[in-house]
Amino acid sequence: MTGNYIGIDLGTANTIVCTKHDGIIIREPSYVTYDPRTNRVLAVGNEAKNMYGKTPPNISAMRPLREGVIADFGLTSEMLKIFIRKAVGNSILISRPNLVICIPYGVTDVERKAVQEAALEAGAKSVALIEEPVAAAIGAGLPIHEARGCMVVDIGGGTTEVAVISLGGIARSVSLRVAGDKCTEAISNFIRKKFNVMIGDSTAEDIKIAIGSAHPSTDFGVAEVRGRNILSGLPAAMNIYSSDIREALEEPLNSIVDVIKTTLESTPPELCSDIYDNGIVLTGGGALLCGLDTLIAEKTHLKVFVSQNPHDCVANGIIKVMRSKDKDILIEKIRRD
Ligand code: ADP
Ligand code: MG
């Protein structure tokens, strides 16, 4: 591969922009704020996330990729353009880089084309897509080109992608719309039901990260949580325990375990035997939930590992591909001269 290469992990929760030479350049939340009357984008990334839930009526805030699919194409493409400019400046764009973009596996053909169009519009010379589970597996250092099956489970914000990879391709893959966001939502719902207190999305996510636990062997005690009492309408504070979070997360985590099991059930026996030997690798921000590896290991009777820097695994995979001559695992490369 020659020329300027820019890689983008367009995640439902976070977007990472990287280059062949410099590695990861920016890592920001996939959020936008815009004027709903004109659809003009006002801010993206951290700036937009900080406004989320606090915007006045004349400003709307959204996550354009919320459920693992592109909820709003126009805003996604604007966000993409702003991130690219922010990461590499206008000068690289003038020299027309080649883009390698990783998008959630569950998106439709129409959405894939739409992302490519957006990237071309942003100034790219060519756009190649890479399938998320393949990028995650490469980033995690799995030997994907060997005739040995490996299983990678990427738990992002909107989707969990379970994939069995062998000989550089995806032998089995299932995409589930239950991942980090659903865990966060389950925490809000639990607190509302148990304490009659409403909390915001970012508070729920902070609790998950601070004392979240998927297995009794990881317990972080107690944290104080603030929100609004539904009955009195007044601000309220209460203590919440790691064990409460475990209870709250039971349903979404069971769905994730179930999808891993059903994927294994439909995997050819030879590949199953490889997975038995090598175990399962967890990637994505959701893999940072403490005790999740232990829970999955207990339920599947397999070895489970969390990759190094699970957040960056997909981006690291894209970087490795851009640095190698591994063109065969890129899909749907389009070019405009
Ligand atoms: P995506 O690829 O969809 O953009 P990421 O791989 O960036 O998603 O992961 C984002 C998810 O990881 C969010 O739901 C976030 O709450 C969750 N997450 C991040 N850090 C932690 C942590 N320490 N514990 C549990 N969940 C975490
Ligand atoms: Mg991801």
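One is the number of the first residue; the rest follow in order along the sequence. Note that ligands are numbered from 1 as they come in the structure, with each ligand's atoms numbered from 1 the same way.
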Practice problem: Could you list all the side-chain hydrogen bond (donor to acceptor under 3.5 Å, both in side chains) pairs where at least one residue sits in residues 279-288, not counting sequence neighbours? | Solution: Asp154-Thr283

Practice problem: Identify the two heavy atoms, one from Gly279 and one from Phe305, that lie closest to each other, and give their separation to 0.1 Å. | Solution: CA-CE1, 4.4 Å

Quiz item: Cut-off 3.5 Å, side chains only: do Ser30 and Arg63 have a donor facing an acceptor?
Solution: no

Exercise. Check ring pair (Phe, Tyr, Trp, His ring centres under 6.0 Å) between Phe190 and all other residues, then give those that pass, not counting sequence neighbours.
Key: none

Quiz prompt | Under 4.0 Å from ligand 1 - residues by heavy atom, chain and number | solution = Gly11, Thr12, Ala13, Asn14, Gly156, Gly157, Gly180, Asp181, Glu205, Lys208, Ile209, Gly284, Gly285, Gly286, Leu288, Leu289, His311

Practice problem: Hey, could you give me each pair passing side-chain hydrogen bond (donor to acceptor under 3.5 Å, both in side chains) that has a residue in residues 285-306? Not counting sequence neighbours. | Solution: His215-Glu298

Quiz item: Out of Met322, Lys20, Lys125, which one pairs with Asn98 under the side-chain contact (heavy atoms from CB on, under 4.5 Å) rule?
Solution: Lys125

Exercise. Name whichever N, O or S atom of Glu132 ends up nearest to the Mg ion (ligand 2).
Key: OE2

